[in-house]
2 protein chains.
Amino acid sequence: MKQKPTLKVIAKELDVSVSTVSKALKDSKEIGAKTKERVKAFAKLYNYRPNNIALSLKNRKTKTIGVIIPEIVHHFFTTVISGIEKYANEQGYNVIVGLSNESFDKEVINLDMLANGSIDGFIISVAKETLAKEDFHHITETIDQGVPIVMFDRVVDEILCDKVIVDDVATSKKAVQQLISNGCKKIGIISTKDYVSVGRLRTRGYLEALNHNHIPKNDDLILKIDDKLNSNDNLEQLEAQIATFFKQNKQLDGIFAVNELYAITAMKVARKNGIQIPEQLQVIGFTDGVLSKHAYPPLTTISQHGFEMGEDCARLLIERLEKQDEEDETYQTVVVKTDLVLRETTKSKS
Amino acid sequence: MKQKPTLKVIAKELDVSVSTVSKALKDSKEIGAKTKERVKAFAKLYNYRPNNIALSLKNRKTKTIGVIIPEIVHHFFTTVISGIEKYANEQGYNVIVGLSNESFDKEVINLDMLANGSIDGFIISVAKETLAKEDFHHITETIDQGVPIVMFDRVVDEILCDKVIVDDVATSKKAVQQLISNGCKKIGIISTKDYVSVGRLRTRGYLEALNHNHIPKNDDLILKIDDKLNSNDNLEQLEAQIATFFKQNKQLDGIFAVNELYAITAMKVARKNGIQIPEQLQVIGFTDGVLSKHAYPPLTTISQHGFEMGEDCARLLIERLEKQDEEDETYQTVVVKTDLVLRETTKSKS
DNA sequence: TATCCACACGAAAACGTTTTAGTATTTGTT
DNA sequence: AACAAATACTAAAACGTTTTCGTGTGGATA
């Protein structure tokens, strides 16, 4: 293991000054041709790479962005990360990820660990526990300190920053409308507790669709799953809740689930009850992931285009970073479009 | 947006020297009690956080580790990342991720972007294209420059470094033995091309199991999928290859697939052909992910314990980093245990 | 009163860069 | 030949820390 060469050692070795080396390497016209050649040759030989940390310190920017998400073993979030990575890398940025595991404390710690010069800005999807507590001081403080934040998916309205979301209400309305158009008379929704913004909004969309079709609201048909945990840590509990939901609501012929896992689990319960999909029960899930695609039968879903969301997040953040001097306090909210991906858990319109 | 306070501004504000402030904040006994109090109060008031970049430069270590994987939209890899994150965070390290997208060039670029002082060490799973090219100069050069690397899952034997793997051969043998014990007579394997180490090794385990049971090798029963791409970019092609494989091998009653996706796709093809699982065909997949768990019927798989693999990777790397002065050139290969998770695509032994 | 030591603090170097502001030396101009 | 200007380079500061080595003050001791 040889020591990594620095400007200083190159300078000493070639008996010139550090500044000469620096300038030679960037082809400054201040430096003579033969010196340039000597320096470049030497640098190439010893595979000199400018130390990024020193550059970060000097420039007061690190060219890395911090992404904080509730969990990473989750198709939607990884898709978003892919989009972030792609755009960020194209712009010469690195991505550092922190996981909150849906925990408020870990979210705070993660923010703390990075908001000390390590990163230039954050992209964040808020933990469920944080949403439930409604304590956002760590986020606002970070913004106040001059570190820009972009929120996606799970956003909080009160905080002023750039946001990337889907139109949850309209999209959900569209999905439920599809069920209605397909002949469903008794449609249930499997949602989250209301503190999760997306769950709340998707429930609203469900209700709007019913209302628009003059179907009376029935609270029994609204199941709000209580899980503050990771998606996979309480599967049996989830299944049990859905099973009792089915038991209490015979004759269900349509299910709208606010995420893929709920939809898949609903299908599992239905199968155990001998209910035919889509003949007796049609199902639509929000979020189009691997589970939906490979489910049996393949699940009709709403695609959120996570990759594009990620790209948008990164674009918003980097644009703000690069013109940080201008200090405009106008924030954007990008609404990315959704698509209804018709597969085999819904009847094809005839 | 107020400016982040530095030692210098605190010093000026309190009319003491920078070193005094620094020492006061770390409770040095060199500093008088009332000065300490003044400094600490001021620091707390303005929420002073030491600049991490400056520390990194001074200490010549960044306390962050780079993880480079082929893709992130993939259950196994994200599970490993979770394990890495957990251990790393506990040790005060951050994790920065780079995606190679199975591309050699992107792998090189990613290594380059980070091996310039940005990170202290790498954890890497090699891209398929790199494995196919057998060009590992970027990896060896990085190691030569004194940046330690830990490889996992897709490792390359020729490179000396710490590694975390599963015993692919023995595990695969065990899985195939299970199929044989369950009464399978004609067992096919769906594997990858041989340049992917894990595919090669798992195929070897398959053959060893057959051999051990005096079942003659039949090359027709060995399907080596040719995909250099991401797992989800060529699904139809994958399905087509498996379909012809089924067509060419009637009477198959057992399938061992070297990953989850191949197994799931095989089940899909079987279903289209009206083959009952597990009655007519038993299936075991390598890698226990969400797909397997939520498949219908739930898939019998081999669990690789990705989370523990991640923890082991991080532990190996950080241990090496923390005693980097000692420079021991003895590398470890940790073999993490696997489990056969019996679900419903295999007959329960009676 | 002279010496010593503890105490409380400051100066400066170092980490590896970039950049501004010089400074010699050579070249060109009249 | 004298001076201006171009050329080729160097010195030093700066980014924000930590840490080593001083240093000046005061009180205690002899």
Side-chain angles (χ1 to χ4, degrees), chain A residues 3-40 42-43 46-64 114-120 145-147 324, chain B residues 3-40 42-43 46-64 92 115-120 145-147 324:
Chain A
Q3 203 49 0
K4 277 179 245 170
T6 68
L7 290 186
K8 196 196 282 193
V9 322
I10 298 183
K12 183 174 298 177
E13 212 70 26
L14 264 46
D15 205 46
V16 292
S17 79
V18 170
S19 32
T20 303
V21 177
S22 175
K23 288 171 183 166
L25 289 175
K26 21 192 49 181
D27 245 333
S28 159
K29 60 192 62 91
E30 292 183 48
I31 305 298
K34 64 273 183 238
T35 317
K36 270 190 205 171
E37 273 325 299
R38 280 209 314 146
V39 172
K40 284 185 186 171
F42 192 94
Y46 287 95
N47 191 28
Y48 168 79
R49 316 282 329 268
N51 181 305
N52 206 20
I53 296 296
L55 285 177
S56 296
L57 182 59
K58 178 137 230 325
N59 301 329
R60 266 111 123 247
K61 51 172 69 174
T62 59
K63 286 251 178 187
T64 86
L114 299 176
N116 53 14
S118 298
I119 53 94
D120 294 341
Q145 294 208 348
V147 180
Q324 204 160 27
Chain B
Q3 201 51 0
K4 280 181 240 169
T6 69
L7 291 186
K8 196 195 282 193
V9 321
I10 298 183
K12 181 174 300 178
E13 212 69 26
L14 264 46
D15 205 45
V16 292
S17 79
V18 170
S19 31
T20 302
V21 178
S22 175
K23 289 170 184 167
L25 289 175
K26 17 191 53 180
D27 244 333
S28 160
K29 62 192 62 93
E30 293 184 49
I31 305 298
K34 63 274 182 241
T35 318
K36 269 190 205 170
E37 273 325 299
R38 280 210 313 149
V39 172
K40 283 184 186 171
F42 193 95
Y46 287 95
N47 192 27
Y48 168 78
R49 315 281 331 265
N51 182 304
N52 206 20
I53 296 295
L55 285 178
S56 295
L57 182 59
K58 179 138 229 323
N59 302 329
R60 267 109 122 249
K61 50 171 72 173
T62 59
K63 286 254 177 182
T64 86
N116 53 14
S118 298
I119 53 94
D120 295 340
Q145 294 207 349
V147 180
Q324 203 158 27

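Every chain is numbered from 1, with letters handed out A, B, ... down the list of sequences.
Residues passing the side-chain hydrogen bond (donor to acceptor under 3.5 Å, both in side chains) test with B:T62, sequence neighbours excluded: B:D120. Checked against side-chain contact (heavy atoms from CB on, under 4.5 Å), B:E30 has the following partners two or more places apart in sequence or in another chain: B:K23, B:S28. Taking B:D27 as the reference, B:K36, B:K40 meet the salt bridge (Lys or Arg N to Asp or Glu O under 4.0 Å) condition, with sequence neighbours excluded. Remark: A:R38 pairs with A:L14, A:V16 by the side-chain contact (heavy atoms from CB on, under 4.5 Å) rule, at least two apart or across chains. In this structure A:R49 satisfies the salt bridge (Lys or Arg N to Asp or Glu O under 4.0 Å) test together with B:D112, sequence neighbours excluded. Residues that satisfy the ring-ring contact (aromatic ring centres under 6.0 Å, His included) test with B:Y48, not counting sequence neighbours, are absent from this structure. By the side-chain contact (heavy atoms from CB on, under 4.5 Å) test, A:S19 pairs with A:S17, sequence neighbours left out. Every residue two or more places apart in sequence or in another chain that forms a side-chain contact (heavy atoms from CB on, under 4.5 Å) with A:S118 is listed here: A:L114, A:N116, B:N52.
Using modelled atom types, one side-chain atom of A:N51 and one backbone atom of A:I53 make a donor-acceptor pair closer than 3.5 Å.
In this structure, the NZ atom of A:K34 is 12 Å from the P atom of D:dT7, given to the nearest Å. Here the P atom of nucleotide D:dT19 and the CG atom of B:L7 are 12 Å apart, to the nearest Å.
Proximity of residues 50-58 of chain B to DNA chain D (heavy atom under 4.0 angstrom from any strand atom) is restricted to B:P50, B:N51, B:A54, B:L55, B:K58. DNA chain D lies under 4.0 Å from at least one heavy atom of each of the following residues of residues 18-29 of chain A: A:S19, A:T20, A:K23.
For the atom pair B:T20 OG1 and B:L25 CG, the distance stands at 10.5 Å (nearest 0.5 Å).
Nearest heavy atom pair, residue A:I31 against residue A:A24, reads CG1-N, 3.9 Å.
Looking at B:V18 and B:V21, their side chains never come closer than 4.5 Å, going by heavy atoms from C-beta outward.
Overall bending of the helix from C:dT1-D:dA30 to C:dT30-D:dA1, expressed as the angle between end axes built from five pairs apiece, is 70° (10° steps).
Of the two residues contacting DNA chain C, namely A:K8 and A:N59, the nearest-nucleotide position lying further toward the 5' end is that of A:K8.
You can see that DNA chain C meets the heavy atoms of chain B within a 4.0 Å-exclusive cut from C:dA8 to C:dG16, reading 5' to 3'.
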